[in-house]
Each structure stands twice: as structure tokens, then as C-alpha cells.
Amino acid sequence: MDNTCAIELLENHKNGTISDEAFLYDFGKETVFYSTPFGDHKDGSPRLFLLPGPDKTAFNPVFTSAERLREFYEGAGRVNYVMMNGSFLSVLEVTNGINAKAPVKMGLVIDPGYYGVTVPAGALNQVITLIK
């Protein structure tokens, strides 16, 4: 799947030619690839595959391509994961729902290792409202 528009938005955001609000509004409609936060490591042990965040929060990675997702999880030693895709907005909404019950609150990070744009756990509601 060609996700040229998503990459272009990330580049424009990185270069400062689009505001945070305009980026999030437009990116909310883009397709991202993601997996569940919990999975198996190649050493056989189960673990959370989240990136650390501030104040006992974490970031669940989302990706602009299936290839970037595979690259990330291969580098992290993750095996046997389910690859899902949906709009960035839908992933924000699902994550927000999980946070209502989870002990570790999650935000999202877009394309870690490439761009690393983050939406902290505490900002999910604001970003969802902005995108809608």
C-alpha cells in the first residue's frame, strides 16, 4: 500500500511547513499499521512492546507502512504479531478506550526511528476532538 500522502504530511511537519494542528487534522484520516502492545519476544518470553513515556506512560508505535512495522518489530525481537491497519483517528479512539481500563496509559508514536511524532496519553482526547 502506497502511503505517500502520510509521508508527505510527516515531512511537512518535520520541516515546519505545517502546524501541529493542521498535521494532526490531516494525518487523522491516513491509514496506519499497528499491532497489539503485548507479544512474544524471540527469546520465548512475553512482554510489552511499548516505548517508554513520561510519568509512567508509554507509546504504542504506529507505522505508515507494513514494511516499517515489520522492520521495527524485527529489530525489537518480536515474533508472532498480528498486523492491523486503520485510520490514525480510529487507532487514537481504540487506544483511548484501552486507557480507560489499563494500568499503563498509552499514547502513540508515528514511525519511530523515522519521524517519532508523538501523541501523549494525556492528549488523546484533545487530538480526537481536533480531528473530528
Side-chain angles (χ1 to χ4, degrees):
M1 172 183 269
D2 184 2
N3 219 351
T4 305
C5 189
I7 299 294
E8 191 174 298
L9 284 168
L10 284 159
E11 282 293 326
N12 288 338
H13 184 261
K14 180 180 174 181
N15 295 333
T17 57
I18 187 172
S19 69
D20 291 344
E21 292 81 12
F23 166 76
L24 289 167
Y25 180 79
D26 290 342
F27 198 83
K29 299 161 188 69
E30 294 298 320
T31 298
V32 293
F33 298 83
Y34 61 100
S35 190
T36 59
F38 193 76
D40 294 324
H41 189 266
K42 64 182 176 183
D43 67 8
S45 66
R47 61 180 69 162
L48 282 173
F49 286 88
L50 299 172
L51 299 171
D55 302 323
K56 298 181 184 178
T57 66
F59 290 102
N60 195 16
V62 299
F63 304 90
T64 54
S65 71
E67 295 76 22
R68 286 186 177 179
L69 179 141
R70 283 191 284 277
E71 176 185 290
F72 178 84
Y73 286 127
E74 183 178 301
R78 185 171 180 177
V79 295
N80 301 325
Y81 53 85
V82 175
M83 186 184 317
M84 299 173 275
N85 66 63
S87 71
F88 186 62
L89 174 59
S90 69
V91 178
L92 286 164
E93 291 172 328
V94 167
T95 303
N96 203 32
I98 291 168
N99 282 351
K101 301 172 190 144
V104 175
K105 304 304 180 205
M106 294 183 296
L108 298 174
V109 57
I110 303 166
D111 278 346
Y114 288 90
Y115 295 99
V117 175
T118 60
V119 178
L124 291 178
N125 281 326
Q126 290 172 300
V127 173
I128 290 167
T129 300
L130 171 72
I131 293 171
K132 288 184 169 183

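Everything numeric in this text was worked out from a predicted model, so none of it was measured.
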Taking side-chain contact (heavy atoms from CB on, under 4.5 Å) as the test, write out the residues that go with Ser87, two or more places apart. Leu89, Ser90
Using a strict threshold of under 4.0 Å (side-chain N to carboxylate O), is an ion pair present between Lys42 and Glu74? no
Please list, chain by chain and in numerical order, all residues satisfying side-chain contact (heavy atoms from CB on, under 4.5 Å) with Ala22, sequence neighbours excluded. Ile18, Ser19
Specify whether Tyr73 and Tyr81 have parallel, tilted or perpendicular ring planes, treating 30° as the upper limit for parallel and 60° as the lower limit for perpendicular. tilted
Stepwise, does the ring pair (Phe, Tyr, Trp, His ring centres under 6.0 Å) test hold for Phe63 with Tyr34? CA-CA 6 Å; Phe63 304 90; Tyr34 61 100; 9.7 Å; no
Could you work out, with side-chain contact (heavy atoms from CB on, under 4.5 Å) as the rule, every residue matching Ala66, not counting sequence neighbours? Phe33, Arg70, Met83
Taking ring-ring contact (aromatic ring centres under 6.0 Å, His included) as the definition, give me every residue that meets it alongside Phe49, ordered by chain and number, with sequence neighbours left out. none
Let me have the donor-acceptor pairs involving side chains of residues 121-129, under 3.5 Å, with sequence neighbours excluded, atom names and distances please.
unit_1	atom_1	unit_2	atom_2	d
Asn125	OD1	Asn96	ND2	2.6
Thr129	OG1	Asn125	O	3.0

Scan residues 49-60 for pairs that pass salt bridge (charged side-chain N to carboxylate O under 4.0 Å, His left out), counting only residues two or more places apart or in two chains. none
Who clusters with Val79? Use side-chain heavy atoms, under 4.5 angstrom, across I, L, V, M, F, W and Y, and order the result by chain and number. none
Can you list the residues that meet the ring-ring contact (aromatic ring centres under 6.0 Å, His included) rule with Phe59, with sequence neighbours excluded? none
According to side-chain contact (heavy atoms from CB on, under 4.5 Å), who are the partners of Asp43, at least two apart in sequence or on a separate chain? His41, Ser45, Arg47
Hydrophobic cluster of Tyr25, others only, ordered by chain and residue number, side-chain cut-off 4.5 Å: none
Any non-hydrogen side-chain atom of Val117 less than 4.5 Å from a side-chain atom of Asp20? no
Sequence neighbours left out, what pairs pass salt bridge (charged side-chain N to carboxylate O under 4.0 Å, His left out) with at least one residue falling in residues 114-129? none
State, without any angle test, whether Asp111 and Thr64 hold a side-chain donor-acceptor pair at a distance under 3.5 Å. yes
Give me each pair satisfying ring-ring contact (aromatic ring centres under 6.0 Å, His included) with a member in residues 86-132, each pair once, sequence neighbours excluded. Phe27-Phe88
